[in-house]
Amino acid sequence: MHSRRLSRVVREAGVGYLFVLPAVVIFAIFVFYPLVKTAYLGFFATPPTPNLPARYVGLSQYRSVFSSADFRDSLWRTVQFVLYTVPGGLVLGLALATLANQRMAGIRIFRTIFSSTVATSTAVASVIFFTLLDPQVGLLSYWLGQRGGSGVLQSSSLALPAVSVVTIWQNIGFTFILMSAALQSVPDDLLEAARIDGAASWTRFRRIILPLLSPMIFFAVIIGVIGGFQAFGQIDILTQGGPNHHTLVLIYDLYQQAFQYNNAGYAAVLSVALFSILLVLTFVQFWYFQRRVFYVQ
Amino acid sequence: MVGSVVHPGNPATEGLTFGPPAASSVALQSVSKYFGEVSAVSDLTLEAQAGEFLALLGPSGCGKSTVLRLVAGLETPSAGIIRIGDEEVNDVDPKDRDVAMVFQTYALYPHLSVARNIEFPLRSRRVPVAERKRLVAEVALSLRLDELLDRKPVQLSGGQRQRVALARAIVRRPRVFLMDEPLSNLDAQLRVEMRAELVELHARLGITIMYVTHDQIEAMTMGHRIAIMNNGVLQQVDTPQVVHDRPANAFVAGFIGSPPMNILRGRVVQSGDEALVDVPGGRLLLSPAHASALRRLGLTETVVGVRPEALAIDPAGTIAATVSLVESLGHEQHIACRLPDGRLVMVRLGRDQVLIHTGDSVTLTATGALHLFDPSTGDRIDA
């Protein structure tokens, strides 16, 4: 009797493992193996000329990269970039979603417009803004009073904010869709009850809607932070990390080291750093939001 | 507005030290509501008196919930005037109408504890913290929620959620209570209990309640008066007894009563002072008063209503039928009899009455009052 029950447990577990096997295989080949390989690559200093063998240097390459001013600077720029893009994008996306959540004629047109950037690639968005910000012919440069001169993207103080604005614009469609979906799942009954209970519209938003949106906001923040740390296309097209490293974020530094300076070892260390930072950040966010997010089962 | 008015002299409010709300009447005057081309409520004139328990009854989609939402201010009337007390409220925001509403879904704020839910309307009205705490504690005690104040709505049973919704409604002592099918999500037994609790609460607080339901038992047992609606039109407003005994038209007759009244259509045969109605399977003898009323109106055809309890199975009966279903409820039996034209007629018998089987051929006789209605308008023809 007992052994039969055990064998059934084993059988069920076996079937379960069989079901996850394809995912495990794919993850192992495309995620886990490259991850380990990258960490391993970080133990070797890349030789100055391609034909020489890589030299094993152990942890010293990790130590030297992490203690370098270049690394700290690019990390700080990345953090700034995330701080510009995530809260800004979230507030704007939520504001647009709230506006578009009204029942009125023609609102679908606005919903389509607001979500349209989802269908725009980073490259296209970047080229559009590259033109708009062009110091000679760019409309935005003209409006910003930057006509002629050296241009917004060439300004050491404006380049990172400008790239951030492009990123916010590019992401707004996705955030808008997330927030719209969450808003539509708030039951009308609750808002009507709150109206009758005497809550003005701001109170309804703050005390009813916002708490009910919290799971989606949490999701958007995590996705936004990860996306922010990995933002590459717009920087590559708009500034290539310039001017004078002012938009040189971690991922772009990594790209240059790996593919322009052929410094695979250095790039491997940076990518391990990026991975660890994102892992820790995500855990911290989970921990932080867990006490503040409300899930309706 | 939310001061602690205490009415020590009122025995109905004993046990609730925060006193009764100042109950107000609600009056709708020629109110219509259209949603685009669709008319949800048409030309409704209806008043709930201060302190009255008025039940709005009707099939789903009849406009009864819209009436409630109009009074709450969640909808604006397309025409007509709504008054709460002496005040015309057509242009008054819901939050300033001083009404409370209990929703079918309860509409509890899922992220807030029971205490916070009850407190919500007080917070919105900036009642001081100490006062808030006191009121919440009192109302929670009176609705047996004091043990549950820290729970979230998901951790409560249906009946408990219902009581939280009630507590949130009464805590700020509004002038009018609006209830939209508040018991329909509860199981049958709990519904009976909550019915009694609501009636008791109403008596204790002396509040005005407008109560929407599609359940005639709820309406009959709880309402001082019942307003019956169909297709956005008010059919009859009266006490449960009158609505049952003297339905204003064939719709009300067929809607009230369980099982509902049998409605048959037939030709009128006058002979001297008497009159008969030819119905499928036989004929029904009318009273002299009914006969003269039909003569006076010159009707050759009429609609007859007869309640299942006013029919009996009797060998000397005048209508032939075949038994198609026997439902025994223990204390009584419902017999569905098929007339020759295929129509079903319900007969309600006591437990000790004749033993009947499916397929039996029987004859029916009317033992109680017949109701006559105009065949074209459906209006009641009084004897």
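By convention in this document, chain letters (A, B, ...) are assigned in the order of the sequence lines, proteins followed by strands, and residues within each chain are numbered from 1. Here the structure is a predicted model, which is why all the values come from computation and not from measurement.
- Pairing each heavy atom of B:Gly73 with each of A:Arg195, the nearest pair is O-NH2, 3.9 Å.
- Contact check for B:Thr105 versus A:Pro187: no side-chain heavy atoms found under the 4.5 Å cut-off.
- Contacts between B:Phe103 and chain A at a heavy-atom distance below 4.5 Å involve the side chain alone, from C-beta outward.
- Nearest heavy-atom pair across A:Ala193 and B:Tyr109 is C-OH, 3.5 Å.
- At most 12 non-hydrogen atoms from other residues, nucleotides or ligands lie less than 6.0 angstrom from CZ of A:Phe19.
- Contact annotation for B:Leu178: neither backbone nor side-chain heavy atoms come within less than 4.5 Å of a heavy atom of chain A.
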- prompt: Run the side chain to side chain contact (heavy atoms under 4.5 Å, CB included) check on B:Leu112 and A:Arg207 step by step: do they pass?
  reply: CA-CA 9 Å; B:Leu112 300 179; A:Arg207 292 206 187 283; over 6 Å; no
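- The local environment of CD1 in A:Ile109 is sparse, with at most 12 non-hydrogen atoms from other residues, nucleotides or ligands closer than 6.0 Å.
- By the 6.0 Å contact criterion, CG on B:Asp187 is enclosed, its count of non-hydrogen atoms from other residues, nucleotides or ligands being greater than 12.
- Side-chain contact between A:Ile208 and B:His111: present, with at least one pair of heavy atoms (C-beta onward) separated by less than 4.5 Å.
- By the neighbour-count criterion of 12 heavy atoms within 6.0 Å, atom CZ of B:Arg116 is sparsely surrounded, having that number or fewer from other residues, nucleotides or ligands.
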- request: Apply side chain to side chain contact (heavy atoms under 4.5 Å, CB included) to A:Ile196 and B:Leu74, showing your working.
  value: CA-CA 8 Å; A:Ile196 295 174; B:Leu74 298 172; 3.9 Å; yes
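- In summary, B:Lys95 and A:Asp197 do not engage in a salt bridge, as defined by a charged side-chain N under 4.0 Å from a carboxylate O.
- Using a 4.5 Å cut-off between heavy atoms, B:Arg69 contacts chain A through its side chain alone, with no backbone atom that close.
- Within a 6.0 Å sphere centred on CZ of A:Phe232, heavy atoms belonging to other residues, nucleotides or ligands number more than 12.
- Within a 6.0 Å sphere centred on CD of B:Glu147, heavy atoms belonging to other residues, nucleotides or ligands number 12 at most.
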